Peer 1: 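Just passing along the structure, written as structure tokens.
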Amino acid sequence: MTDGNTTDDLADERASLVEQVPERRRIAIAIVGAVFWTWLLARWAYHNALLDVIATALGFPDLIRSEVPVLVRQGWIPGGPFRAVADAVAGVANALGPADVLLEWLVWLADLAAFAATIAPKLADGAFITVYLTVVSLLLGLVIAVPLAVARVYGGRVLSTLSLGYTELIRGTPLLAQLFFLWYALQLGSVARAIGFTGEPPIPQAAAMVAVVGFTINSAAYQAEYIRSALQSIDAGQLTAARAVGLDMRGTIRHVVLPQGLRLAIPGWTNEFVYLIKYSSLAAFITVPELFRAAEGVGSDTFRYTKVYVIVGLFYLALVLTTALAMGRFEAAVSIPGLDSSGNQE
Amino acid sequence: MTLLELEDIEKAYENEEVLHGVSLGMEQGDVEVLVGPSGAGKSTLLRCVNRLTEIDAGTIRLAGESIHDLDSNDLRQRVGMVFQDFNLFAHRTARGNVTLGLEEVLGMDHDEAVERAEAHLDQVGLAEQADSYPAELSGGQQQRVGIARALAMDPELMLFDEPTSSLDPELIGDVLAVMNDLAAEGMTMLCVTHEMGFARSAADTLTMLDGGRIVERGPPERLFENPQHERTESFLGQFTDFE
Amino acid sequence: MVVSGALRSLDPALTRTAIVLQSGDWGVVASNFDFLLVGTAVTILLTVSSLVLGFLAGFPAGAIEVYGTGRLRGLVAGAGVVLRGTPIVVLMMLFYLGLPIPQLGTVPGLEIRVSPFIAATLALGLRSAAYQGQVFRGAIQSIDDGQMEAARAIGLPRRGAVRHVIFPQAVRRALPGFQNEFTIVLKDTSVAIAIGLAELLTRAEYLFVQPERSTAMFELILAVSAIYFVLTFATNRTLDRLQTRYAIPEGDG
């Protein structure tokens with residue numbers, strides 16, 4: 001955990017969520033992902049309070065429906081046809097006898113689709129929080145991670161020890177314990193509420209802010225490790241050359257080390273992004289109504305737990321795979337010939 | 001006795017022709033050196049002989065038997081190979097590199113395999129290094145372990161694929177010395193190498209390969225002194241000039 | 001806590017051993033030391049069982065991804081993506097509620113119910129298998145092609161070459177990745193709180209959600225975090241040392 005190797009391997013290990021996927025299937029994921037995101041964005045816009053205010057001011061009071069509570073939101077895709085299919089197939093299956101596994105599967109799938117269509121609006125609402133928790137925490141985490149990594153590599157003994165201590169402590173304890181610490185032990189929720197995070201739309205809830213703080217602190221440590229190993233993989237000659245052209249240490253770090261190091265850190269950063277999407281589900285344990293908790297709500301209303309978790313699993317999978325694909329594109333876009341992480345990892 | 005016979009060998013990789021109608025024969029105890037520019041097909045030809053590469057057309061016979069009638073693993077026991085990059089098993093000591101084939105392929109018991117391995121390591125001058133891992137050996141030592149590994153299988157024929165090309169100049173001599181000894185002991189050897197000194201001193205036959213065809217084949221002295229083809233002359237010329 | 005409130009009926013056994021004490025905050029930690037210690041044992045046990053399952057399933061999975069063909073390989077790769085792309089809490093819920101795991105009662109000494117333990121092991125173990133499979137796949141692919149060629153050249157069949165030459169090297173190269181997996185699994189055992197498994201964090205929560213002990217939240221969470229930290233730190237150091245000791249000199253080509 002403390003040495004360089006482990007982190008590099010961590011990068012290796014998590015890097016390849018879509019890398020190994022064959023090209024044809026990757027295109028399929030991209031198409032499904034695009035449909036999914038179009039639907040998700042439309043869904044968010046449809047119930048967005050801010051957009052509602054604007055639309056109403058422009059004279060379209062019924063265009064955006066932010067006043068409709070989450071629990072009674074209607075899906076755009078009706079569940080009826082799927083249920084009809086399920087019933088029809090079930091009828092056939094019954095006629096054929098109970099042994100037909102394939103038909104039973106079909107019934108299950110059609111039923112799943114029908115159920116998904118009904119609960120999708122609630123999940124879309126949770127997914128919005130999942131996405132903003134992830135994106136905000138990731139970016140804030142990056143802001144902390146860069147100085148942490150620089151301090152670890154180029155800071156003096158005191159700074160690098162402090163940075164090391166921080167990352168060790170955070171990476172050595174469970175994220176859930178960290179969230180509990182902020183939420184229960186430090187009672188940060190009441191602090192956030194006092195600041196004005198009341199949860200009245202469009203203002204986020206206090207709990208969500210605590211989650212952002214927790215994820216930021218956690219993510220900063222992991223991001224710092226990825227960036228550190230990237231910085232350390234930069235050829236020493238680069239530093240010498242930068243000093244030789246007259247840059248001071250600060251200038252060297254800013255103009256030579258970071259532009260190279262941050263590029264090299266992108267694969268690791270992608271992993272961290274994916275990791276955070278998945279682990280943002282732990283915010284449910286401090287009452288944040290994100291995707292997982294939204295699913296739990298549906299589950300306790302309908303008692304169809306297995307189906308709910310299958311559907312929410314697919315939601316996460318869609319978020320994670322599209323992110324991994326997009327980050328792959330991003331990496332390709334900012335890459336520089338001759339400078340890539342694979343060549344530098346040995 | 002004719003040990004190895006190649007007849008009209010054809011080989012192409014994705015429409016790129018690598019070998020085109022190559023034929024040659026080697027008597028038992030012959031030492032043959034293949035030379036030619038890179039891309040001439042020398043290594044491919046070598047690999048066809050132990051079926052690391054499969055030919056597209058033609059016949060290869062070992063001691064009169066078509067190698068395609070043999071089980072490829074049986075064939076490879078009878079034909080030893082030494083690689084340019086040594087390819088020693090990184091997780092095994094020098095001794096372990098030699099014993100692996102003895103135990104797992106020939107089914108020898110451990111003690112017997114160790115005894116035989118040590119004898120062969122001694123033969124290549126590395127008795128002291130039996131317990132060293134490949135990474136702890138110099139390139140020349142690694143290559144000699146590679147030779148011992150192949151020899152231990154008691155092959156009828158040895159293939160050498162540029163055995164000295166990855167070595168620092170000062171380490172080449174040890175490897176060539178082992179190869180010279182082998183040649184003197186009567187081992188049948190088919191070698192791809194740029195070591196013209198070895199070709200002159202040890203080879204019975206020198207074969208010039210270019211563009212997947214045999215350009216010229218004969219005793220080394222004749223090819224060096226009196227080449228029949230302009231390609232041979234210019235190719236060998238670049239070596240003789242420096243000698 | 002609303003999170004799966006219905007599901008998180010803790011073992012009745014817990015109430016027996018948790019000592020109700022209203023003294024000072026650290027006093028709560030001290031007087032429930034045994035209670036937390038048993039939780040630590042559950043955490044360690046769950047980590048080990050998950051890692052073992054992860055290795056047993058992940059090792060062949062990685063090999064299949066490299067050497068397998070057709071449908072089997074596609075299946076393994078697909079399952080891997082699903083397991084790696086789904087939050088661990090969702091996986092645990094699915095395995096706990098979606099699989100017909102029989103109610104097998106409780107483990108006496110550890111005061112845990114068997115069925116959530118099995119569900120948690122399956123979730124953590126299979127996800128770890130997906131990651132370990134990737135580690136192992138990468139390790140196999142990092143072995144130079146020449147190793148296979150040399151093994152074939154002395155007459156080893158492909159299967160023998162993989163077994164005697166490729167695997168021994170790949171497993172060693174995969175060790176740092178496996179070690180990393182250990183830390184991840186250990187920390188994620190805490191997510192088993194979602195299915196009411198009485199591991200370390202669950203026990204801490206059980207203690208501090210009692211109104212009379214809520215003042216000890218700070219101390220309890222800190223104590224539990226410290227235990228997690230000591231566990232990850234100590235194991236990582238031990239494994240580092242083992243790796244150095246049993247390392248085999250590996251050349252870089």
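Labels below follow one simple rule: chain letters A, B, ... track the order of the sequence lines, proteins then strands, and each chain is numbered from 1. This structure is a prediction, so every number in the text was calculated from the model and none was measured.
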Peer 1: Step through the shown structure and confirm whether more than 12 heavy atoms of other residues, nucleotides or ligands are within 6.0 Å of CD on Glu16(B).
Peer 2: no

Peer 1: Which heavy atom of Met153(B) sits nearest to which heavy atom of Ile154(C), and what is that distance?
Peer 2: CE-O, 3.3 Å

Peer 1: Does Asp145(C), at its CG atom, have more than 12 non-hydrogen atoms belonging to other residues, nucleotides or ligands within less than 6.0 Å?
Peer 2: no

Peer 1: Between Gln169(C) and Ala90(B), what is the shortest heavy-atom contact and its length?
Peer 2: OE1-CB, 3.5 Å

Peer 1: Output the distance between atom CE (Met81(B)) and atom CZ (Arg152(C)), rounded to the nearest 0.5 Å.
Peer 2: 13.5 Å

Peer 1: Does atom CD of Glu27(B) have more than 12 heavy-atom neighbours from other groups under 6.0 Å away?
Peer 2: yes

Peer 1: Can you tell which of Leu52(B), Asn50(B), Leu75(B) has the highest number of heavy-atom pairs within less than 4.5 Å of chain C?
Peer 2: Leu52(B)

Peer 1: Around atom CD of Glu136(B), are there more than 12 heavy atoms from other residues, nucleotides or ligands closer than 6.0 Å?
Peer 2: yes

Peer 1: Looking at Glu104(B) and Arg163(C), is any side-chain nitrogen of the basic one under 4.0 Å from a carboxylate oxygen of the acidic one?
Peer 2: no

Peer 1: Would the distance check show the side chain of His91(B) and the main-chain N or O of Ala170(C) forming a donor-acceptor pair, the cut-off being under 3.5 Å?
Peer 2: no

Peer 1: Is chain C contacted by the side chain of Arg78(B), its backbone, both, or neither, given a heavy-atom distance below 4.5 Å?
Peer 2: neither

Peer 1: Side chains of Leu156(C) and Asn73(B), heavy atoms from C-beta outward: is any pair under 4.5 Å?
Peer 2: no

Peer 1: With rounding to the nearest 0.5 Å, note down the distance linking CG in Asp144(C) to CG in Asp85(B).
Peer 2: 7.0 Å

Peer 1: For a 4.5 angstrom cut-off between non-hydrogen side-chain atoms, does Ile166(C) reach Phe89(B)?
Peer 2: no

Peer 1: Contact part of Val79(B) toward chain C, heavy-atom cut-off under 4.5 Å: side chain, backbone, both or neither?
Peer 2: backbone

Peer 1: Which atom pair, heavy atoms only, marks the closest approach of Leu88(B) to Gln147(C)?
Peer 2: O-NE2, 2.5 Å

